[in-house]
Amino acid sequence: MSLCLLGRAVSWKTPQACRRLSTYVAKMRYLFELKEDDDICRKAQSSGMFYLFHSLAPLLQKSGDRYLVPPFGASDLERFLGKFGQDAQKIEQSVLIGCSDQLEAWFALDLGLGNPSGSLQKSEMETQLQGSFTELRKALFQLNEKDASLISTAHSLLHWHECHQFCSKSGQPTWKNVAGSKRMCPSSKMTYYPQMSPVVITLVSDGARCLLVRQSSFPKGMYSALSGFCDIGETVEESVRREVAEEVGLEVESLRYSASQHWPFPKGTLMIACHATVGPGQTEIHMNSQELEAAGWFSLEEVVTALRKKGPPARQQDGSIPFWLPPKVAIAHRLIREWVQKQSSSSALA
């Protein structure tokens, strides 16, 4: 395939040709090649970098109060696998998760999936790799934005492959392509592509306050925006209105879209962030206790104070934990900060 650019035929089968395009377009075209051509992807693996997991827990290194995500070259990874009795063929179990501006491909490999118990010893591996396999929920908020996005993508893709080992039509084993961008069933000829579940996350306001909620699964003291999975057949607008009605018994008067974010939990979701308003006389909360642990209206002053806190607050003398908000890596934080900025602008104009 070729691309006509400025009157000349420009091949984009090689990284060199891709560099004639803009950096972003070159990256997207190169990633497309890797997903579509197994031979090109295998070649990219030999010069690419690998991020390692064990049973979906990424390998991380502690640096102060943050985590770093160490990548490994193919040759180093092959030597490491050899020490644990694994051959280089295992590298083909990796999945493509991106590439650098210089078109260096990035892959993720889970060393714990698909192996007999004890074939790869987790603690011994951590010693050799000078890191620790850490549950993503515990580490995500201590990663920088780039690493958090990369590792979240890897986690969701690896998890999808783990859960789609068999064809839903024939019941026979499925096989992934080298990049991990799809799985095929030789028996039924079905092709499966990784999927995300759409979720609406909504910050509700009555004009002067915003509504924040707690689920029992949240860290102690943390409140966030309302969220819920979209039902089949719904539009985003319908999902927002239904979730607000179901969870807090309020009827949305108006809403607007803000942004979206991939989120690795529970199994890979697309968070669709919106702002919604309710009428001033329609603010009495009727909380659905099956969905929520707590819900309440919070003033601008309360929210601003919570935004200034860095991380979860310490437990107070009476045993309680002060109210706090999701960290910057979560799109709920963006929604809350946008609301604060709008409120502050409105106050300045008043």
Note to self: Please check if the number of heavy atoms outside K83 that lie under 6.0 Å from its NZ is greater than 12.
What the structure shows: no
Next item on the list: Evaluate whether atom CD of Q282 has more than 12 neighbouring non-hydrogen atoms of other residues, nucleotides or ligands under 6.0 angstrom away.
Entry: no
Item checked: From CZ (F166) to OG (S187), nearest 0.5 Å -> 13.0 Å
Checklist line | Side chain to side chain, S227 and Q215, heavy atoms closer than 4.5 Å | finding: yes
Next item on the list: Check V213 against A225 and note the closest heavy-atom contact, atom names and distance.
Entry: CG2-O, 3.9 Å
Checklist line | Validation row: L211, T283 side chains within 4.5 angstrom (heavy atoms) | finding: no
Notebook entry, point to check: Run the side chain to side chain contact (heavy atoms under 4.5 Å, CB included) check on K27 and L103 step by step: do they pass?
Noted result: CA-CA 6 Å; K27 288 173 63 176; L103 306 185; 4.0 Å; yes
Notebook entry, point to check: How are the rings of F80 and F84 set to each other: parallel, tilted or perpendicular (split at 30° and 60°)?
Noted result: tilted
Checklist line | Any donor-acceptor N or O pair under 3.5 Å, side chains E302, S299 | finding: yes
Item checked: Donor-acceptor contact below 3.5 Å, side chain R214 vs main chain P219 -> yes
Check: So do V252 and E237 actually touch side chain to side chain, heavy atoms under 4.5 Å?
Finding: no
Note to self: Assess the residue pair S47 and E104 against the criterion (side chain to side chain donor-acceptor pair (under 3.5 Å)); give the C-alpha distance rounded to whole Å, side-chain angles, the decisive distance to 0.1 Å, and a yes or no.
What the structure shows: CA-CA 7 Å; S47 59; E104 173 190 75; over 6 Å; no
Checklist line | K169, NZ atom: more than 12 neighbouring heavy atoms under 6.0 Å | finding: no
Checklist line | Residues that D39 engages under salt bridge (charged side-chain N to carboxylate O under 4.0 Å, His left out), provided they are two or more places apart | finding: R42
Check: Within the side chain of S149, is there an N or O that forms a donor-acceptor pair under 3.5 Å with the backbone of E145?
Finding: no
Check: Can you tell me if T134 uses its side chain to pair, donor with acceptor, with the backbone of S132 under 3.5 Å?
Finding: yes
Check: Is the closest side-chain heavy-atom distance between C274 and S258 below 4.5 Å?
Finding: no
Notebook entry, point to check: Is the backbone N or O of D87 less than 3.5 Å from a side-chain atom of E78, with the two atoms forming a donor-acceptor pair by type?
Noted result: no
Notebook entry, point to check: With the 4.5 Å side-chain cut-off for hydrophobic clustering, are F229 and L203 part of the same group?
Noted result: yes
Check: Within the distance-only criterion (no hydrogens, no angle test), does the side chain of S170 pair as donor or acceptor with the backbone N or O of C167 below 3.5 angstrom?
Finding: no
Next item on the list: Return yes if a side-chain donor-acceptor contact under 3.5 Å exists between S205 and T277, otherwise no.
Entry: no
Notebook entry, point to check: Can you check whether F50 and F72 have ring centres sitting under 6.0 Å from each other?
Noted result: no
Next item on the list: For A332, check side-chain contact (heavy atoms from CB on, under 4.5 Å) against everything at least two apart and list the hits.
Entry: I201, S224, P326
Check: More than 12 heavy atoms of other residues, nucleotides or ligands under 6.0 Å from NZ of K220: is that the case?
Finding: no
Margin query: Would I336 and H333 count as a side chain to side chain contact (heavy atoms under 4.5 Å, CB included) here? Give the steps.
Written below: CA-CA 5 Å; I336 294 166; H333 184 98; 5.9 Å; no
Next item on the list: Answer yes or no: is there a side-chain heavy-atom contact under 4.5 Å between H161 and K176?
Entry: yes
Checklist line | Backbone N/O of V240 and side chain of E243: donor-acceptor pair under 3.5 Å | finding: no
Notebook entry, point to check: Can you check whether F265 reaches S156 side chain to side chain, under 4.5 Å on heavy atoms?
Noted result: no
Next item on the list: Would you verify whether the NZ or CZ of K122 falls within 45 degrees of the ring axis of F133 while also being under 6.0 Å from that six-membered ring's centre?
Entry: no
Next item on the list: Would you kindly say whether Q172 and S188 are connected by a side-chain donor-acceptor distance under 3.5 Å?
Entry: no
Next item on the list: Please assess V236 against L255 for the test side chain to side chain contact (heavy atoms under 4.5 Å, CB included), listing each intermediate value before the final yes or no.
Entry: CA-CA 10 Å; V236 170; L255 65 92; 5.8 Å; no
Check: When the ring planes of F323 and F298 are compared, do they come out parallel, tilted or perpendicular, using 30° and 60° as the limits?
Finding: parallel
Note to self: Would E338 and K342 count as a salt bridge (charged side-chain N to carboxylate O under 4.0 Å, His left out) here? Give the steps.
What the structure shows: CA-CA 6 Å; E338 285 176 345; K342 183 179 180 182; over 6 Å; no
Checklist line | Residue pair F53 / A108: nearest heavy atoms and the distance that separates them | finding: CE1-CB, 4.1 Å
Check: What residues, two or more places apart in sequence or in another chain, satisfy ring pair (Phe, Tyr, Trp, His ring centres under 6.0 Å) together with F141?
Finding: none
Checklist line | Heavy-atom side-chain contact between L140 and W263 under 4.5 Å | finding: yes
Check: Is the backbone of D101 close enough, under 3.5 Å, to the side chain of T23 for a donor and an acceptor to pair up by distance?
Finding: no
Item checked: Rounded distance (nearest 0.5 Å) linking atom CG of L59 with atom CG of L109 -> 11.5 Å
Notebook entry, point to check: Out of curiosity, L31 CG to E36 CD, how far, rounded to the nearest 0.5 Å?
Noted result: 11.5 Å
Next item on the list: Could you identify which residues cluster with I232, counting Ile, Leu, Val, Met, Phe, Trp and Tyr as linked when any side-chain heavy atoms lie under 4.5 Å apart, either directly or through a chain of such contacts?
Entry: none
Item checked: ILVMFWY clustering at 4.5 Å (side-chain atoms), partners of W324 -> F218, M222, I321
Notebook entry, point to check: Among all residues two or more places apart in sequence or in another chain, which pass the ring pair (Phe, Tyr, Trp, His ring centres under 6.0 Å) test with W160?
Noted result: H164
Next item on the list: Look up atom OG in S94 and atom CD in Q45, then write down how far apart they are to the nearest 0.5 Å.
Entry: 4.0 Å
Next item on the list: Look up atom CD1 in I331 and atom CE in M271, then write down how far apart they are to the nearest 0.5 Å.
Entry: 7.5 Å
Next item on the list: Report the C-alpha distance between L270 and I272 in whole Å, list the side-chain angles of each, state the deciding distance to 0.1 Å, and finish with yes or no for side chain to side chain contact (heavy atoms under 4.5 Å, CB included).
Entry: CA-CA 6 Å; L270 177 64; I272 305 167; 4.3 Å; yes
Checklist line | Donor-acceptor contact present, side-chain S181 to main-chain N177, <3.5 Å | finding: no
Notebook entry, point to check: Would you say K189's side chain and P186's backbone share a donor-acceptor pair under 3.5 angstrom?
Noted result: yes
Item checked: Inter-residue atom distance R183.CZ - T174.OG1, 0.5 Å rounding -> 3.5 Å
Notebook entry, point to check: Hey, mind stepping through R242 and E234 against salt bridge (charged side-chain N to carboxylate O under 4.0 Å, His left out) and telling me if it holds?
Noted result: CA-CA 10 Å; R242 175 184 53 77; E234 284 185 328; 2.5 Å; yes
Checklist line | Side-chain touch L335/T202, heavy atoms, less than 4.5 angstrom | finding: no
Item checked: P280 backbone acceptor or donor facing D206 side chain under 3.5 Å -> no
